[in-house]
Peer 1: 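Have a look at this one before I ask anything.
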Amino acid sequence: KGAFPGVPMIFLNHGVLPELEQPPRIPIDWYIAINEQSVDLLVRQHVEVAKIDIVRDFVDTDLYKPVNSLRESPRILFLSNYKKWKTYDVVEGACNSLGLEFKAAGSPYGRSRDVAKDINQADLVISWGRGIIEAMSCGRAVISFNKLLGDGYLDEDRYMDSRTRNFGGFECRYTYGVAELIGEIQKYKKEDGAKNRGLALRYHDSKKATIEIMNIIQKICPKK
């Protein structure tokens, strides 16, 4: 800002807890939030609401795309990088009780070399945050659950609520044990995969998000 005082500055907020996600104490021309939870954080930090736009978290929907149809009985993928929680035990216990094929991917369970491929080998993905969006983009059914918290099985109505906190985090609606997670898994419908793909294309496509960001830049840049 000091070197280029005529160039507008945009702060893009990705989350609410890490220190680096807090808005800096310097003049910012505009703010982009990825969801309503991010907007609330910025407002609590005394940012003017009129200077905030939401551009929802996005993925490459050409990379994360369906390559096969969903089965009647779901194969389960637990996608997580958290290792110091008992969530894995809950997921494994629920899948074993239901007699469902189960796999975990993420740093504590074995890093995925191809996340899109691993997602497409499953029918129902249990994750939160970006993992949910990637799975939806691949046309998979999804359950928001990690760190023993979640919003559960996402149909379109619950998607609309869960996206306000990026499908995870401390403001999730529910805690789950094995019995409760079994109930969420039993909500699985293979047709929800196509519905989720449609939601991902509508709200989380990287090409659309790039256009939104460019429009914001054009809005705040000085007219020549």
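Side-chain atoms are counted along with the backbone in the values below, which use heavy atoms only and exclude waters and symmetry mates. The shown structure was predicted, so the numbers you read here are calculated from the model rather than taken from an experiment.
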Peer 1: OH/Y188 to CG/L124 distance, rounded to the nearest 0.5 angstrom?
Peer 2: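 Between atom OH of Y188 and atom CG of L124 there are 7.5 Å.
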Peer 1: Check this for me, if you would: do E134 and R130 make a salt bridge, where the nitrogen-to-carboxylate-oxygen distance has to be below 4.0 angstrom?
Peer 2: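 Yes.
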Peer 1: For E156, look at atom CD and say whether over 12 heavy atoms of other residues, nucleotides or ligands are found less than 6.0 Å away.
Peer 2: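 Check fails, neighbour count at 12 or below.
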Peer 1: Any side-chain heavy atom of F78 within less than 4.5 Å of one from K103?
Peer 2: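 No, too far: nothing below the 4.5 Å cut-off.
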Peer 1: What is the distance from atom CG of N215 to atom CD1 of I220, rounded to the nearest 0.5 Å?
Peer 2: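 Answer rounded to 0.5 Å: 12.0 Å.
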Peer 1: Look at D53 together with K219 and state whether they make a salt bridge at an N to O cut-off of under 4.0 Å.
Peer 2: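 Looking at D53 and K219, the cut-off is met.
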Peer 1: Assess whether a salt bridge exists between E72 and K190, defined as any Lys/Arg side-chain N lying under 4.0 Å from an Asp/Glu carboxylate O.
Peer 2: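 Here E72 pairs with K190 in a salt bridge, since their nearest N and O are under 4.0 Å apart.
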Peer 1: With clusters defined by side-chain heavy atoms of hydrophobic residues (ILVMFWY) lying less than 4.5 Å apart, directly or transitively, does F11 cluster with M9?
Peer 2: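 Yes, same cluster.
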Peer 1: Please determine whether a side-chain nitrogen of the Lys or Arg among D62 and K207 lies less than 4.0 Å from a carboxylate oxygen of the Asp or Glu.
Peer 2: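 A salt bridge links D62 with K207.
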Peer 1: Is there side-chain contact between Q121 and R75, with heavy atoms separated by less than 4.5 Å?
Peer 2: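 The answer is no; the side chains never approach within 4.5 Å.
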Peer 1: Any chance you could pull the hydrophobic cluster mates of F167, using side-chain heavy atoms under 4.5 angstrom and chaining through other members?
Peer 2: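 In the cluster with F167 are V59, L63, Y64, L77, L79, V115, I119, V125, I132, I133, M136, V142, L154, Y159, M160, L199, Y203.
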Peer 1: Could you check whether the rings of F145 and Y176 sit parallel, tilted or perpendicular, using 30° and 60° as the cut-offs?
Peer 2: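 The arrangement is perpendicular - the two ring planes meet at more than 60°.
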Peer 1: So that I can tick it off, tell me whether R158 and D151 are bridged by a salt bridge, with the cut-off set at under 4.0 angstrom between side-chain N and carboxylate O.
Peer 2: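 Salt bridge absent between D151 and R158.
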